[in-house]
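Proteins come first, then strands; the chains are lettered A, B, ... in the order of their sequence lines, and each starts at number 1.
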Amino acid sequence: MKFRDLIIKNIFRNKSRSILTVIGIAIGVAAVVGLGLVTDNLSASTQNALTAGAADFSVVSGTSNGNNGGGPPGGSNQLINQTYVSEIQQISGVSSTAGVLRTMTDLSNTNSTNSSSTSTNNTFGGGNFRSMTTLIGIDNSSLSMDDVVITNGSVYSNDNEVIIGKNAAQSLNKTIGENISISNQTFKVVGIYETGNFMDDNGIVMSLSKLQNLTGDTGQVSLVLVKASNDTDASNLASTIEAKYPNQLSTSTSLSGMNRMNNGLDVIKSGSWAVSLLAVLVGGIVVLVTMMKAVSERTREIGVLRAIGWSQKRILSMIIGESLVLSLIAIVVGLAIGIGLVELLSTTQILQGITPSFSASLILKGIGVALFLGIIGGIYPAYRASRLSPTEALRYE
Amino acid sequence: MNNENIIEIKDLKKTYENGVIKALDGINLEIKKGESVSIIGPSGSGKSTLLNMIGALDKADEGSINVAGIDLMQENDLSDFRLNEIGFVFQLHNLIPNLTVLENVQTPLIETVISNKKMEERALKILKSVNLADKINQKPTKLSGGERQRVAIARALVNHPSIILADEPTGALDSKTQDVILDLLLDIHKQENVTLIMVTHEHDVANKAERSIYVLDGKIKEIKKN
């Protein structure tokens, strides 16, 4: 009989205790991996949205707080006159511009009732946030400036056609060739797009003029996307524009937008780490208590093993070995729970739009947590067991 | 140390509870290689403490104790000594319940460097010698008291120790099984020329050994040849 066979046999000796230990460690692994999958996705999504865009910055109303650097609309939604699009295009150093109108609407009942009500600026931010769909109006020739990439189908060619984001397609259960009703008007879905931004991917894009017509905002846009010439510094250009239109326009660069988003993400990440830490702590205590119990129940047996010639080191190795094998089982269980749960929730309303972001480092973190818990939880009971006096252990009832 | 002696104990003292209980109070004893000795005395007389001192399970406060050439008062880690020189048989067999008979007998060998195959061969040979060849895959819970004690004896012998220390080896058995186990221990002692030291409180058992040592209040009161 090999030493490792004895360790494995000992684990299956008290199945309920072993299962409890595995669950304790698996909770820690699942928390670290599960929350990591979500926060990593948010981070990747934000970076995609803010750094990969063709536009260098956006121009918004000087009275709004400007938060439209390709990211999700938020805060004020003050509109500006569409004439700024062509005016800014004339400024030296500007390569191209595009006017964009953004709004949100609740289309959650559209599928069943085949009717909907498009929200206007006045209703922006109201209702159930998770069920809101972003409506984006932009000329089809400028889609790349707003990071829109068609993954299936084609771009809209007239006012009766729209393209929908991959998450919206999923939540509204629509695909290419089907009709979608917005504000009592029917549009044909001609393409599915992806931006890497979970808010925009839960949106519908149509021509600027059509959205203006739907919302009654003719001649107005939410923002102007600006791309600087290759030889022009985008930050300087943004300053020039702000100087030219004081109190009228302000600019929002991808960088500043990213900083703001990163600050928000840092808070989310800190929160997820705090939850993970708590789960790890609970897992550690469960392992410690169950291993202490395991050692206590086997005190007499440990005394016998010492009497027949086992060294303290061998006893230590046996208990830590048992703890580590339980950790290895917990790694599989924890990863399955963590990944499975996020995968499951990402298909529901709870984590709509979140695509789990797998990475080797995250899996390694999960494995690290399990091994850490196994060693920490096992080391004290193992130390105590190895230090037991053989005569006292043999007297133990 | 005399070459004929495997154990030499001089003025050995051991107290518990800060000196309140004198478990051993100046023991002097010599035991020859291959001898069978019984230690007899009432409960609390110090006989088990003496056995534990010889088996290096506990350390004395004063005196000297030399077993198989090792000064037990000087060495700190005596697990190797127990592994190579001592075979313990307890009153309650103390087998590991989730292991089979064969695996239980192999447990001391885990600490050695011998191969898995040789481990099994050695354990099987000893189990045959104690007439348990047909029970090797059974768990201890399925065995009778006598069978369990035979497994414990096989476990004590698997490392070819020079001394077998048996603490009340027949104490938990009925009289018929008691004789079988006692005869087995004495047979092994003769065939293997292994030193046998048995602790008992029964005179019938004690008289089967070559010498009986009567212990009372931590002192040797009488040594007699049987």
Side-chain angles (χ1 to χ4, degrees), chain A residues 1-19 21 290-291 293-322 325-326 382-397, chain B residues 14 16 23 48-49 51-53 55-59 76-117 119-120 123 136 139-140 152 155-159 161 165 167:
Chain A
M1 181 181 56
K2 288 178 181 164
F3 184 47
R4 65 156 191 260
D5 298 336
L6 177 66
I7 287 173
I8 289 165
K9 275 181 178 263
N10 282 343
I11 284 168
F12 292 104
R13 197 161 160 179
N14 188 331
K15 289 188 185 73
S16 54
R17 189 176 54 220
S18 295
I19 289 169
T21 313
T290 51
M291 289 310 287
K293 182 91 177 124
V295 167
S296 164
E297 280 172 10
R298 285 154 59 196
T299 300
R300 194 179 176 87
E301 184 182 306
I302 289 164
V304 174
L305 292 172
R306 294 281 286 130
I308 63 173
W310 276 35
S311 60
Q312 288 185 333
K313 202 173 132 191
R314 179 71 61 181
I315 302 284
L316 197 80
S317 308
M318 181 176 74
I319 307 293
I320 290 183
E322 288 172 21
V325 172
L326 288 172
Y383 174 77
R384 277 197 42 170
S386 72
R387 301 288 294 174
L388 276 173
S389 150
T391 45
E392 278 175 32
L394 284 167
R395 276 199 293 268
Y396 188 85
E397 294 297 331
Chain B
K14 176 73 180 176
Y16 292 111
S48 287
T49 306
L51 196 80
N52 288 341
M53 296 292 162
L57 290 182
D58 208 349
K59 211 156 196 175
N76 279 324
D77 183 11
L78 289 159
S79 49
D80 274 354
F81 161 78
R82 288 194 294 271
L83 181 68
N84 298 317
E85 305 293 344
I86 306 292
F88 273 103
V89 179
F90 305 97
Q91 179 179 4
L92 298 167
H93 50 85
N94 286 331
L95 300 173
I96 299 175
N98 62 315
L99 299 184
T100 63
V101 164
L102 184 64
E103 288 165 340
N104 262 289
V105 175
Q106 288 180 74
T107 47
L109 299 173
I110 286 174
E111 193 66 45
T112 65
V113 291
I114 64 171
S115 70
N116 210 30
K117 197 182 166 195
M119 248 191 224
E120 204 170 303
I136 57 169
K139 295 279 173 67
R155 182 178 63 185
L157 290 170
V158 78
N159 264 351
L165 300 178
D167 192 357

Go through the steps for A/K9 and B/I96 under the test side chain to side chain contact (heavy atoms under 4.5 Å, CB included), then give the verdict.
-> CA-CA 11 Å; A/K9 275 181 178 263; B/I96 299 175; over 6 Å; no
pair A/R13-B/P97: side-chain heavy atoms closer than 4.5 Å = yes
Given a strict heavy-atom distance threshold of 4.5 Å, which part of B/E103 is in contact with chain A: side chain, backbone, both, or neither?
-> both
Got B/T107 and A/M1 here, is their nearest side-chain heavy-atom distance under 4.5 Å?
-> yes
How long is the gap from CG on B/L95 to CD on A/E301, to the nearest 0.5 Å?
-> 10.0 Å
Carefully, step by step, assess A/V304 and B/R155 under the rule side chain to side chain contact (heavy atoms under 4.5 Å, CB included).
-> CA-CA 11 Å; A/V304 174; B/R155 182 178 63 185; 3.6 Å; yes
Heavy-atom closest contact (A/A307 atom, B/F90 atom, distance) | CB-CZ, 3.7 Å
B/N52 portion near chain A, given a 4.5 angstrom heavy-atom threshold = side chain
Approximate separation, where rounding is to 0.5 Å, of B/I110 CD1 and A/I308 CD1 = 8.0 Å
Taking atom types as modelled and ignoring hydrogens, do the side chains of B/E111 and A/S311 form a donor-acceptor contact shorter than 3.5 angstrom?
-> yes
Would you find more than 12 non-hydrogen atoms of other residues, nucleotides or ligands less than 6.0 Å from A/R384 atom CZ?
-> no
In this structure, CG of A/L305 is separated from CG of B/N94 (nearest 0.5 Å) by 10.0 Å
Mind checking the CG-CD1 spacing from B/N98 to A/I11? Nearest 0.5 Å is all I need.
-> 11.0 Å
Value for CG (B/L99) from CG (A/D5), rounded to nearest 0.5 Å, stands at 10.0 Å
For B/F81, is it the side chain, the backbone, both or neither that has a heavy atom under 4.5 Å from a heavy atom of chain A?
-> neither
Using non-hydrogen atoms only, which part of B/I86 is less than 4.5 Å away from chain A: side chain, backbone, both, or neither?
-> neither
What pair of heavy atoms forms the shortest contact from B/R82 to A/G309, and how long is it?
-> CB-CA, 4.1 Å
